[in-house]
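What follows is a short report on a single structure.
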2 protein chains.
Amino acid sequence: MSLHLRSAQALKLWHDSVLDLVHLDESGLTVRQLSILLTVYLELPPHTVRGVALKLKVTKPVITRALDSLGRLELVARRRDPADKRNVLIQRTVKGALFVEKLGDFMVTRAQTLPS
Amino acid sequence: MSLHLRSAQALKLWHDSVLDLVHLDESGLTVRQLSILLTVYLELPPHTVRGVALKLKVTKPVITRALDSLGRLELVARRRDPADKRNVLIQRTVKGALFVEKLGDFMVTRAQTLPS
DNA sequence: CTCGATTGTTACGCAACCGATATAGAGCAA
DNA sequence: TTGCTCTATATCGGTTGCGTAACAATCGAG
């Protein structure tokens, strides 16, 4: 299924979904934090601080702080890499998985109600 | 065109687009601010502080402050409602329109490269 | 073992956001 | 006019985020 999405549809889809997210009130989230969360849950592990920082093109302290916040919300977890103890592996959590799943449901539902 | 989107596709679409947004570095934006911006540009005017606050289910000061930020970035503008001078009308700007348009382009492009 | 390189974190100063409350101005009804 | 309501904003204290720079721990080559 190749997705042919017109710009107006795409924007409405984003708008509707973001609105759902805001209503979820877990919305203290920054766009950056959201992108970190999605990266961790959608891309193949392992995820390191440095790796995510490179992908987002931000500095490492940004990732560290975001992990503090996301960790407080139990949306991700940290673990030292046993192989190379300098690394910190960013791990998924049950709560985070449910959260991301809900996000996906939002979008699927909203996509179905898009005007053609 | 009814959009049948699987959850995994939807999430990847969101992830890719959010990543583009972060790279745009206009990403000091909060999810809330983003939702305000999209609301103003996708829904029919007029937009008042109260109206947007209701839609997002937040208090009015939240909107006022967000408009301060978005106004500083020239993504939206304010104008007093001449009819009812208690109201402030939130208006679109050229810069904001270009920004939202770019967002739409991101999504359209990303949607085309989604795996089926 | 030593030393430079790498990784993630912390410290600091600053700016922005939040919620709650208080305030100022405009409308409205009697 | 006199209240009362409605709108948006200002203000307050507390929290969180940012960028830069310094830091401790770890690795690995020599």
Side-chain angles (χ1 to χ4, degrees), chain A residues 18-19 21-40 45-92, chain B residues 18-19 21-40 45-91 99:
Chain A
V18 165
L19 215 51
L21 178 56
V22 169
H23 289 164
L24 212 63
D25 203 42
E26 213 109 17
S27 70
L29 291 185
T30 301
V31 174
R32 278 183 181 174
Q33 293 172 343
L34 182 60
S35 71
I36 294 174
L37 192 65
L38 288 174
T39 295
V40 169
H47 299 287
T48 65
V49 172
R50 170 181 163 77
V52 176
L54 278 179
K55 171 163 280 281
L56 268 69
K57 296 179 186 165
V58 297
T59 59
K60 287 185 292 178
V62 168
I63 306 298
T64 294
R65 285 187 293 252
L67 291 182
D68 290 342
S69 307
L70 294 174
R72 244 177 273 127
L73 297 171
E74 296 178 82
L75 296 178
V76 300
R78 268 190 267 221
R79 213 188 93 216
R80 277 283 164 191
D81 183 351
D84 184 340
K85 288 176 192 157
R86 287 174 303 179
N87 289 333
V88 160
L89 302 178
I90 310 170
Q91 303 202 295
R92 303 172 184 172
Chain B
V18 165
L19 216 51
L21 178 56
V22 169
H23 288 165
L24 211 65
D25 202 42
E26 213 107 18
S27 69
L29 292 184
T30 301
V31 174
R32 276 184 183 174
Q33 292 172 343
L34 183 60
S35 71
I36 293 174
L37 192 64
L38 289 174
T39 295
V40 169
H47 299 287
T48 65
V49 172
R50 170 182 163 76
V52 176
L54 278 179
K55 171 161 282 279
L56 269 68
K57 296 178 185 166
V58 297
T59 59
K60 285 184 289 180
V62 169
I63 306 299
T64 295
R65 284 187 295 253
L67 291 182
D68 290 342
S69 308
L70 294 174
R72 245 176 274 128
L73 297 172
E74 297 178 80
L75 296 177
V76 301
R78 271 189 265 223
R79 213 187 93 215
R80 275 283 163 193
D81 183 351
D84 185 340
K85 289 176 191 155
R86 290 174 303 179
N87 289 334
V88 159
L89 301 178
I90 309 169
Q91 303 202 293
F99 179 79

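Letters A, B, ... mirror the listed sequences (proteins, then strands); counts begin at 1.
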Exercise. Return the value, rounded to whole Å, for the distance between atom CZ of A:R72 and atom C1' of D:dG17.
Key: 11 Å

Self-check item: Point-to-point distance, once rounded to the nearest 0.5 Å, from CD1 of B:I36 to CG of B:L56
Solution: 5.5 Å

Practice problem: Please confirm whether the backbone N or O of B:V22 pairs with a side-chain atom of A:R32, one donor and one acceptor, at under 3.5 Å? | Solution: no

Exercise. Apply side chain to side chain contact (heavy atoms under 4.5 Å, CB included) to the pair A:Q33 and A:L37, showing each step before the final yes or no.
Key: CA-CA 6 Å; A:Q33 293 172 343; A:L37 192 65; over 6 Å; no

Exercise. Mind listing the closest non-hydrogen atom pair of B:Q91 and B:R79 along with its distance?
Key: NE2-NH1, 2.9 Å

Practice problem: At the 4.0 Å heavy-atom cut-off to chain B, mark where contacts on DNA chain C begin and end, going 5' to 3'. | Solution: C:dA16 to C:dG27

Protein-nucleotides 25-30 of chain D N/O pairs under 3.5 Å:
{"residue": "D:dC27", "atom": "OP1", "partner": "A:K85", "partner atom": "N", "Å": "3.1"}

Quiz item: Under the side chain to side chain contact (heavy atoms under 4.5 Å, CB included) test, which residues partner A:R65, sequence neighbours left out?
Solution: A:P61, A:V62

Self-check item: Separation of D:dG17 C1' from A:L34 CG (nearest whole Å)
Solution: 16 Å

Practice problem: With rounding to the nearest 0.5 Å, note down the distance linking CG in A:L34 to CG in A:L70. | Solution: 9.0 Å

Exercise. Kindly write out the residues that satisfy side chain to side chain contact (heavy atoms under 4.5 Å, CB included) with A:D81, not counting sequence neighbours, or none if the list is empty.
Key: A:A83, A:D84, A:N87, A:L89

Quiz item: If you look only at pairs with a residue in residues 46-61 of chain B, which of them pass as a side-chain hydrogen bond (donor to acceptor under 3.5 Å, both in side chains), with sequence neighbours excluded?
Solution: B:E43-B:K55

Exercise. For residues A:I63 and A:V52, report the shortest heavy-atom separation together with the two atoms involved.
Key: CD1-CG1, 3.8 Å

Practice problem: May I have the distance from B:N87 (atom CG) to D:dC6 (atom C1'), rounded to whole angstrom? | Solution: 9 Å

Quiz prompt | Minimum heavy-atom distance between B:I90 and B:V49, given as atom pair plus value | solution = CD1-N, 4.3 Å

Quiz item: Listed in order of residue number, which residues of residues 51-68 of chain A have a non-hydrogen atom at under 4.0 Å from DNA chain D?
Solution: A:T59, A:P61, A:V62, A:R65

